[in-house]
Structures are given as structure tokens and as C-alpha cells.
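Counting starts at 1 for both ligands and their atoms, following the listed order.
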Amino acid sequence: MNKNFKTDWQSALINAVTDPEELLTLLQLDLKLLPEALASAQQFPLKVPRGFLARIQKGNMHDPLLQQILPLGKELENTAGYIKDPLKEAEVNPTPGLLHKYHGRVLLTLTGVCAINCRYCFRREFPYEKNNPGKTGWQEAFQYITNDPSISEVILSGGDPLISTDDRLKRMTDLLTTIPHVKRLRIHTRIPIVLPERITTELITWLNALSLQKVIVLHCNHPAEISLPVKEAVQKLTDAGAVLLNQSVLLKGINDEASTLIALSETLFDAGILPYYLHKLDKIQGTAHFDVAPEVAQKLHETMLAHLPGYLVPKWVCEQPGAASKLSFNSLELCTD
Ligand SMILES: *Cc1c(COP(=O)(O)O)cnc(C)c1O
Ligand code: SF4
């Protein structure tokens with residue numbers, strides 16, 4: 001194929017808004033915000049696909065989708081306890097591009113790139129440049145998986161793994177399907193939510209043809225993220241035989257009200273997605289203003305339990321370096337620091 005040929009989704013990606021001034025203008029926001037937006041975007045660039053932007057209410061500084069992508073001066077504040085690698089992932093990184101933290105599953109960081117830059121993200125500090133496996137590195141990663149028969153699940157993650165071309169994804173899974181003990185492929189992606197154009201016929205053909213069991217874990221934080229094109233994309237993924245789950249991050253000013261979380265669960269299920277995890281924010285530098293106090297989180301969780309069927313209540317989890325799994329609500333006292 002001609003290397004310069006761009007598919008529609010690749011064009012949509014290239015056309016994402018990256019200029020803070022354009023963002024403020026398009027959304028009819030106060031240009032007084034520009035200096036701080038520019039300063040924060042220097043640390044971690046602004047990036048938002050136009051389709052996602054269209055779901056943001058114009059002129060509303062408090063729009064929950066806007067709050068996830070707008071660079072603010074608060075990000076430049078240093079808050080005690082918020083550091084660059086709170087999860088100590090450098091210690092569970094046996095070969096470049098591969099994280100083996102929990103029994104039975106490994107996570108491959110296919111890319112450092114995403115279709116959107118979420119301001120609260122751990123990725124703003126992850127040293128992807130140092131962790132880019134290159135060709136021989138990937139061979140090492142596949143060798144690692146081949147050598148450990150306890151690994152039954154491989155998680156494609158990132159960044160966002162669906163940034164990869166269909167060819168690259170196919171090459172990866174062609175290799176993975178030759179490893180007999182690998183039964184499941186999991187994909188951690190926010191792309192069906194933020195860039196549903198990516199769910200093309202070619203991608204669906206690839207998924208359909210896979211002999212592995214397929215789980216797709218989406219990342220959606222607010223019901224307003226689920227537009228009609230998102231629902232259509234999700235339907236195609238379900239039709240291709242994937243189980244669809246969702247993880248959210250509990251974020252102050254975005255989804256820290258019980259009514260929002262309840263509506264999120266209902267809207268997800270309506271689209272064929274089951275709530276999986278509600279994450280406590282990782283203590284990454286520059287994200288302290290998104291943190292929700294544990295007591296507040298606990299109340300929110302109780303309210304959800306009292307209003308929803310059990311299967312629509314996501315597990316409330318946090319990560320603790322060295323733990324054998326993510327820690328859930330019942331062990332909350334272990335993750336309140
Ligand atoms: C979160 C995570 C997983 C997946 O954990 P589940 O509880 O199975 O969803 C796997 N590997 C790493 C490194 C992770 O951070
Ligand atoms: S899509 Fe996920 S990995 Fe990418 S910036 Fe957003 S939260 Fe981070």
C-alpha cells in the first residue's frame with residue numbers, strides 16, 4: 001500500500017486539535033485562559049479529536065468532557081506525595097514493552113501515543129522513549145511469554161494500542177496465536193470512545209478472524225462521552241465476538257457525583273458495555289486537583305450499590321506497588337495514602 005495513503009481515521013487523528021488557542025476559540029471560552037493552557041500544554045500537549053470536541057458544550061468551563069482535556073495552570077503545581085512513578089512500574093518491566101505484574105497476564109505497551117491526551121493520565125510521565133522495544137525487543141517480549149506457561153492472557157495497552165495500524169496488530173496476534181498457553185487477548189483502549197472512526201471494516205475483519213478469546217476494556221468517564229457513533233462502533237466490536245468492559249477514573253469535577261456515576265453505568269450497559277473498574281486516581285505529578293477524598297469515594301460507592309443491580313456497580317480499585325492484584329473497595333484502608 002502507498003505509504004502516504006491515509007485512512008479516514010488516520011486523517012481524523014492528524015486533524016485533532018492541538019493548539020490551545022484554537023480549542024478556546026472553537027469552544028467559545030475565555031481567552032484569558034490561554035497563557036496557562038499554553039504553559040501546561042508544554043509539559044503535556046493538548047490533543048483532542050474533533051469528534052470528541054463536538055460533544056463538549058460551548059461556553060461551559062465546567063463541561064465534564066472539557067475538564068478531561070483542557071490544560072490548566074493547576075497542573076504545574078507541585079503537590080506533596082504526587083510523583084512521577086507512584087506505581088513503581090520500572091520494577092515490573094522484565095523486557096522493554098512488557099509489564100508482568102499479576103499472575104497469568106502480561107501487559108504489552110504497544111505505543112506511547114493516544115488519540116487524546118487526558119490531563120489526569122499516568123502516561124504524562126511514563127518514559128516511553130526509554131521503553132521502546134524496537135524489533136529485537138519485541139522478539140524478547142514474545143520469547144518471555146513463550147517461556148512462561150502460566151501466562152494465559154496478553155493485554156495490548158499503551159498509550160492506546162489501536163493507534164497501531166491493522167497490519168501491525170495482525171503481525172502481533174499472528175505471533176501470539178502460535179503460543180499454545182495464550183488463550184485470551186485483551187485490549188485496553190479509549191479509542192472507540194474518542195475516535196470511533198477507528199473501528200473500520202478491516203479492524204473488525206481482523207478481530208473476527210482471531211482464534212483467541214477477546215476482551216476489550218474501554219475507558220469512559222462520563223455518560224456524555226457515549227455518542228451515537230460510539231454506540232455503533234461498540235456494536236461492531238460486540239458483533240465481532242468481543243466482551244466489552246469499561247474502566248473509569250474517579251475524577252473531581254467530572255464524575256464525582258452519584259447521579260453521574262449511576263447514569264454512566266446505565267448508559268454503558270445500554271450500549272452493551274459492562275462497568276468493570278472505577279479507579280482511584282494514581283498520584284501522578286500535576287493531577288492533584290482531580291483527586292477525590294477516600295471518604296467521599298466510599299459514600300459514592302455505597303450510593304451506587306444502593307441504586308444499581310450488582311453487575312452495574314464497578315469495582316472500586318486502586319493500585320499499590322508490590323500487591324498481587326489491584327486492591328478493591330474492601331481493602332480500601334490499604335490505599336488511602
Ligand atoms: C491493571 C493491570 C493488569 C490487569 O489487571 P486486571 O485486574 O486483570 O484487570 C495487568 N497488568 C498490569 C501491569 C496492570 O497494570
Ligand atoms: S487514553 Fe488512557 S493512556 Fe491515553 S492519555 Fe487518556 S488516560 Fe492516558
Side-chain angles (χ1 to χ4, degrees), residues 13 16 18 41 43-49 52 65 67-71 75 85-95 97-126 128 131 141 145 150-164 184-195 198 215-222 225 243 245-251 254-255 274-282 284 286-287 290 314-328 331:
L13 194 60
T18 54
Q43 299 281 313
F44 183 53
L46 164 73
K47 187 180 198 181
V48 55
F52 189 85
L65 275 56
Q67 288 293 317
Q68 296 181 54
I69 54 105
L70 177 67
E75 295 172 23
D85 183 16
L87 304 179
K88 302 202 169 55
E89 297 216 304
E91 292 171 12
V92 290
N93 196 195
T95 80
L98 184 146
L99 293 175
H100 193 185
K101 195 152 44 167
Y102 305 135
H103 178 83
R105 50 227 197 269
V106 293
L107 185 147
L108 301 180
T109 49
L110 251 53
T111 168
V113 181
C114 291
I116 191 165
N117 282 347
C118 312
R119 306 315 298 178
Y120 51 85
C121 182
F122 63 95
R123 198 173 60 85
R124 49 186 300 141
E125 298 292 351
F126 191 78
Y128 286 100
N131 206 36
I145 300 168
S150 76
I151 299 168
S152 57
E153 176 166 338
V154 173
I155 304 172
L156 306 184
S157 184
D160 200 310
L162 294 188
I163 280 282
S164 303
R184 285 190 300 280
L185 180 76
R186 196 195 311 186
I187 304 175
H188 279 182
T189 176
R190 185 150 161 69
I191 279 188
I193 305 290
V194 301
L195 193 78
R198 173 67 185 99
V215 181
I216 299 178
V217 183
L218 301 171
H219 172 183
C220 173
N221 298 313
H222 192 280
E225 289 172 52
V243 172
L245 305 174
N246 182 66
Q247 49 186 345
S248 312
V249 184
L250 183 60
L251 297 163
I254 293 168
N255 58 13
L274 272 175
Y276 179 41
Y277 280 158
L278 179 60
H279 290 266
K280 178 175 158 54
L281 184 79
D282 297 323
I284 304 286
T287 66
F290 287 119
K315 282 194 201 114
W316 206 76
V317 291
C318 74
E319 286 197 51
Q320 199 78 334
S325 70
K326 300 196 200 302
L327 302 178
S328 71
S331 38

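- Heavy-atom contacts of H219 reach the following atoms of ligand 2: 2 (Fe), 7 (S) (cutoff under 4.0 Å).
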| message | Quick one, L250 with N255, criterion side chain to side chain contact (heavy atoms under 4.5 Å, CB included). Give me CA distance, side-chain angles, the key distance, then yes/no. | response | CA-CA 6 Å; L250 183 60; N255 58 13; 3.7 Å; yes
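- With 2.8 Å as the limit, C114 counts as an N, O or S neighbour of atom 4 (Fe) of ligand 2.
- At a threshold of 2.8 Å, atom 6 (Fe) of ligand 2 has a backbone or side-chain N, O or S atom of C118 nearer than that distance.
- A donor-acceptor pair under 3.5 Å is absent between the side-chain atoms of D160 and the main chain of A115, judged by distance alone.
- The atoms of ligand 2 that sit less than 4.0 Å from any heavy atom of C121 are 3 (S), 5 (S), 7 (S), 8 (Fe).
- Contact shell of ligand 1 (protein heavy atoms, cutoff 4.0 Å): L99, K101, Y102, R105, L107, I155, R186, Y276, Y277, E319, K326.
- Evaluation of the ring pair (Phe, Tyr, Trp, His ring centres under 6.0 Å) rule for H188 yields no partner, not counting sequence neighbours.
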| field | side chain to side chain contact (heavy atoms under 4.5 Å, CB included) between Q67 and H222, worked out | value | CA-CA 11 Å; Q67 288 293 317; H222 192 280; over 6 Å; no
| query | After noting the C-alpha distance and the side-chain angles of K47 and C114, does the key distance pass the side chain to side chain contact (heavy atoms under 4.5 Å, CB included) rule? | reply | CA-CA 9 Å; K47 187 180 198 181; C114 291; 5.7 Å; no
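- Without hydrogens or angle criteria, S248 side chain to C220 main chain gives a donor-acceptor distance under 3.5 Å.
- Between I116 and ligand 2 there is a heavy-atom distance shorter than 4.0 Å.
- With salt bridges taken as basic N to acidic carboxylate O contacts below 4.0 Å, one links E153 and R184.
- Checked by atom type and distance alone, the side chain of N93 pairs as donor or acceptor with a backbone atom of L98 at under 3.5 Å.
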